[in-house]
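Sequence positions, counted from 1, serve as the residue numbers for this chain.
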Amino acid sequence: MLANQRVVALTRIAVALTASAALPLLAACGGNSPTAPTAADALDQHLSSRFVDFRHASGDSVDGRRQDAYHEWALRTLGLDTQR
């Protein structure tokens with residue numbers, strides 16, 4: 001009889017551990033979590049700098065001069081030549 005009680009207790013512990021691990025995963029995967037961009041997230045803005053074409057959403061901003069300065073710094077620092 002004691003062995004059966006031990007099996008029941010271990011089974012309950014295993015079920016509890018499995019449920020406690022599975023519930024957060026199920027909650028994270030369900031319902032209203034965003035999985036794809038909406039129309040409001042459209043990259044409808046465009047900015048061309050010397051090196052890069054930026055596409056971004058309304059309300060976001062890109063400082064093209066700063067990005068170009070960083071790009072030039074990175075090329076110099078890494079010793080890269082972009083001329084082909």
Item to check | By ring pair (Phe, Tyr, Trp, His ring centres under 6.0 Å) - contacts of Phe54 (at least two apart) | outcome: none
Checklist outcome for this item: Scanning both residues in full, the closest heavy-atom pair of Val62 with Leu47 reads O-CD2, 3.6 Å
Checklist entry - side-chain hydrogen bond (donor to acceptor under 3.5 Å, both in side chains) with Arg55: which residues, sequence neighbours excluded? => result none
Checklist outcome for this item: The complete set of side-chain hydrogen bond (donor to acceptor under 3.5 Å, both in side chains) pairs with one or both residues in residues 62-71, sequence neighbours excluded, reads Ser49-Asp68
Checklist entry - At their closest point, which heavy atom of Gln45 faces which heavy atom of Ser58, and how far apart are they? => result NE2-OG, 3.2 Å
Name each donor-acceptor pair under 3.5 Å that joins a side chain in residues 11-19 to protein atoms two or more places apart or in another chain, with its distance.
{"unit_1": "Thr11", "atom_1": "OG1", "unit_2": "Val7", "atom_2": "O", "d": "2.7"}
{"unit_1": "Thr18", "atom_1": "OG1", "unit_2": "Ala14", "atom_2": "O", "d": "2.8"}

Item to check | Residues that Leu80 engages under side-chain contact (heavy atoms from CB on, under 4.5 Å), provided they are two or more places apart | outcome: Leu75, Leu78
Item to check | Counterpart residues, side-chain contact (heavy atoms from CB on, under 4.5 Å), relative to Ser48 (two or more places apart) | outcome: His46, Asp53
